[in-house]
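Down below is the structure, laid out as structure tokens.
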Amino acid sequence: MWRDLLPIGRHPDSHGYRRFAWTGADLDCRAWFKEQAEARELGYEVDRNGNQWAWLGDPAAGDAVVTGSHLDSVPDGGAFDGPLGVVSSFAALDELRGRGVDFAKPLAIVNFGDEEGARFGLACVGSRLTAGQLTVEGAHKLTDGDGVSLPQAMEAAGYDPDAIGADPERLARIGAFVELHVEQGRALDLSGDRVGIASAIWPHGRWRFDFRGEANHAGTTRLVDRRDPMLSYAETVLAARREAELAGAVATFGKIAVEPNGVNAIPSLVRGWLDSRAEDQAALDRVVGGIEKAAREYAAAHGIDLDVVRESFTPVVEFDHALRDELGRILGKDTDLTVPVLGTGAGHDAGILSGSIPTAMLFVRNPTGVSHSPAEFAAEDDCVAGVLALADVLEGLACR
């Protein structure tokens with residue numbers, strides 16, 4: 001499975017992945033998922049929001065145990081973020097069938113669409129729509145960098161954009177969702193453990209900072225006469241680092257757009273996107289508030305107008321405590337094994353769904369902590385340990 005999936009959407013120069021929602025690479029990944037489902041004689045379906053499902057047993061029976069993740073990527077992302085969870089889900093099912101277990105509940109594997117938000121700027125679109133956290137009107141307003149709307153992209157890919165919307169009936173049939181994911185950090189590497197259980201997802205969001213100045217000639221305009229928004233933006237980037245360090249949080253300006261974007265032109269607009277995450281809401285508020293305060297002071301000093309817009313936000317997500325404890329009990333059964341429980345600063349579909357159904361997550365060790373990069377990696381024996389842990393969990397939750 002891993003070999004078949006690896007070439008899809010891989011860029012020849014960066015060696016990273018560009019599997020953006022509803023593009024050719026994404027459709028190839030979706031075709032791969034369908035092939036895996038059909039090869040195992042699972043019931044295959046695509047829901048109203050374009051999420052793919054592979055069912056063992058009757059979905060209408062209720063109290064289903066669901067696992068899976070996503071197959072799309074960030075720009076030039078790594079091979080493991082998302083796909084490891086989907087591949088491991090199929091492999092865990094193979095393992096359970098090899099054990100000859102007797103399933104007492106329906107089991108499903110899911111591929112949620114557009115988890116990374118790389119194309120339309122909003123993460124977890126498929127799961128947000130399903131959970132009713134993204135309205136139909138809001139989804140229709142999403143556009144990519146070329147001005148293509150989400151409905152237009154779905155329609156071009158052969159899907160019906162008029163069907164999208166909340167899907168409470170589907171969620172009501174799910175008793176538990178467990179998502180396996182490569183760890184996006186080094187906690188497991190530092191502790192020496194191969195697999196961990198998630199406790200919570202840090203609160204996080206994205207803010208757009210628009211610095212507006214005055215375009216002018218780079219060679220003829222005196223420094224004292226300039227209203228250069230790049231200066232205010234650069235100072236704000238440094239302020240973000242300082243505020244994050246003070247709060248024990250993270251803050252990143254990772255995307256920028258400049259107008260008119262000429263080498264010999266002073267910019268009229270610098271637009272930067274801030275991603276910030278912290279262990280709790282109070283710390284996140286301090287970080288973002290401190291960054292905005294500094295940005296406004298710098299802008300005023302340089303004669304720059306500033307607008308700050310919060311484009312997305314996800315509050316702290318505490319995974320279902322009973323389900324989390326059950327995972328720990330299952331994985332520690334008949335052994336002295338204590339599986340570490342750790343928080344994460346990364347968002348996931350499991351976090352979106354946690355407000356609607358019991359959810360939990362398993363993490364697989366990442367020896368470097370690198371993620372959202374072609375250098376992202378997990379060793380094969382750790383990945384196998386993740387598959388076996390997931391199989392044990394699914395057996396404990398879904399089998400007699």
Side-chain angles (χ1 to χ4, degrees), residues 1-10 17 19-22 25-40 42-47 49-56 64-74 77-97 107-116 118 123-127 130 174 176-184 195 198 346-353 359-364 366 371-372 376-378 380 382-391 393-394 398:
M1 285 187 288
W2 199 250
R3 285 193 300 270
D4 290 343
L5 194 59
L6 277 178
I8 300 176
R10 192 172 191 178
Y17 289 90
R19 298 166 173 164
F20 307 144
W22 308 115
D26 184 47
L27 295 180
D28 287 345
C29 287
R30 295 170 68 85
W32 172 90
F33 183 94
K34 183 179 181 181
E35 290 171 1
Q36 298 303 319
E38 292 177 344
R40 291 167 176 79
L42 303 176
Y44 172 78
E45 64 172 333
V46 179
D47 68 22
N49 297 307
N51 305 310
Q52 295 177 288
W53 300 78
W55 285 93
L56 177 67
V65 176
V66 179
T67 186
S69 192
H70 65 95
L71 294 173
D72 65 311
S73 77
V74 299
F80 293 82
D81 180 357
L84 180 62
V86 179
V87 170
S88 297
S89 297
F90 283 117
L93 175 58
D94 295 342
E95 168 69 16
L96 291 178
R97 281 176 159 171
L107 178 71
I109 298 171
V110 62
N111 168 35
F112 283 109
D114 200 5
E115 194 271 355
E116 295 291 5
C124 300
V125 170
S127 56
T130 300
I174 300 173
F177 174 59
V178 180
E179 180 175 4
L180 179 143
H181 205 280
V182 66
E183 188 194 359
Q184 294 168 291
V195 178
H348 301 280
D349 292 310
I352 298 298
L353 298 179
T359 63
M361 291 193 71
L362 294 173
F363 291 129
V364 172
N366 179 338
S371 186
H372 285 187
E376 182 179 81
F377 176 73
E380 184 174 330
D382 288 343
C383 293
V384 171
V387 168
L388 295 176
L390 180 60
V393 165
L394 297 178

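Heavy-atom basis, side chains included; hydrogens, waters and symmetry copies ignored.
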Notebook entry, point to check: With a 3.5 Å cut-off and no angle check, do the side chains of N366 and S371 form a donor-acceptor pair?
Noted result: no
Next item on the list: Would you please name every residue forming a ring pair (Phe, Tyr, Trp, His ring centres under 6.0 Å) with F80, sequence neighbours left out?
Entry: W2
Check: Given the rule in the side chain to side chain donor-acceptor pair (under 3.5 Å) test, do W32 and D4 qualify, once you have shown the distances and angles that lead to the verdict?
Finding: CA-CA 8 Å; W32 172 90; D4 290 343; 4.8 Å; no
Notebook entry, point to check: Are F90 and L42 close enough that some pair of their side-chain heavy atoms sits under 4.5 Å apart?
Noted result: yes
Notebook entry, point to check: What are the two closest non-hydrogen atoms of F33 and I109, and how far apart are they?
Noted result: CZ-O, 3.4 Å
Next item on the list: State, yes or no, whether a side-chain contact exists between V110 and F177 at a heavy-atom distance under 4.5 Å.
Entry: yes
Check: What's the shortest heavy-atom distance between S88 and L390, and which atoms?
Finding: O-CD2, 3.8 Å
Next item on the list: Would you give the length of the straight line joining atom OG1 of T130 to atom CD1 of I352, rounded to the nearest 0.5 angstrom?
Entry: 10.5 Å
Checklist line | Contact summary for A54 and A37, nearest pair of heavy atoms | finding: CB-CB, 3.6 Å
Margin query: Counting C-beta onward and ignoring hydrogens, is there a side-chain heavy-atom pair between L5 and C29 closer than 4.5 Å?
Written below: yes
Check: Is there side-chain contact between V364 and E183, with heavy atoms separated by less than 4.5 Å?
Finding: no
Next item on the list: Please lay out, stage by stage, how M1 and E35 fare under the test side-chain contact (heavy atoms from CB on, under 4.5 Å).
Entry: CA-CA 10 Å; M1 285 187 288; E35 290 171 1; over 6 Å; no
Check: Minimum heavy-atom separation for L71 to N111, with atom names?
Finding: N-OD1, 3.1 Å
Margin query: Quick check against the 3.5 Å criterion: does D47 have a side-chain atom that pairs as donor or acceptor with the backbone of N49?
Written below: yes
Notebook entry, point to check: Do C383 and L84 touch side chain to side chain, with heavy atoms closer than 4.5 Å?
Noted result: yes
Checklist line | Heavy-atom closest pair, residues S69 and D349 | finding: O-OD2, 4.2 Å
Notebook entry, point to check: Between R19 and E116, is any pair of side-chain heavy atoms under 4.5 Å apart?
Noted result: no
Check: Is a side-chain donor or acceptor of D72 paired with a backbone partner of A21 at a separation under 3.5 angstrom?
Finding: no
Check: What distance do H181 atom NE2 and L362 atom CG have between them, rounded to the nearest 0.5 Å?
Finding: 12.0 Å
Check: Is the closest side-chain heavy-atom distance between R30 and W22 below 4.5 Å?
Finding: yes
Check: Counting only N and O atoms by type, is there a donor-acceptor contact under 3.5 Å from the side chain of T359 to the main-chain atoms of A350?
Finding: yes
Checklist line | Atom pair SG (C124) and NE2 (H70), whose distance is rounded to the nearest 0.5 Å | finding: 7.5 Å
Next item on the list: Write down the atom of A79, the atom of L6, and the distance for their closest heavy-atom approach.
Entry: CB-CD2, 3.8 Å
Checklist line | Pairs satisfying salt bridge (charged side-chain N to carboxylate O under 4.0 Å, His left out), at least one member in residues 86-95, at least two apart | finding: R40-D94, E95-R99
Margin query: Angle between ring planes, F363 versus H348, binned at 30° and 60°: parallel, tilted or perpendicular?
Written below: tilted
Check: Any side-chain heavy atom of D81 sitting closer than 4.5 Å to one from Y17?
Finding: no
Checklist line | Residues in side-chain contact (heavy atoms from CB on, under 4.5 Å) contact with A176, at least two apart in sequence or another chain | finding: L323
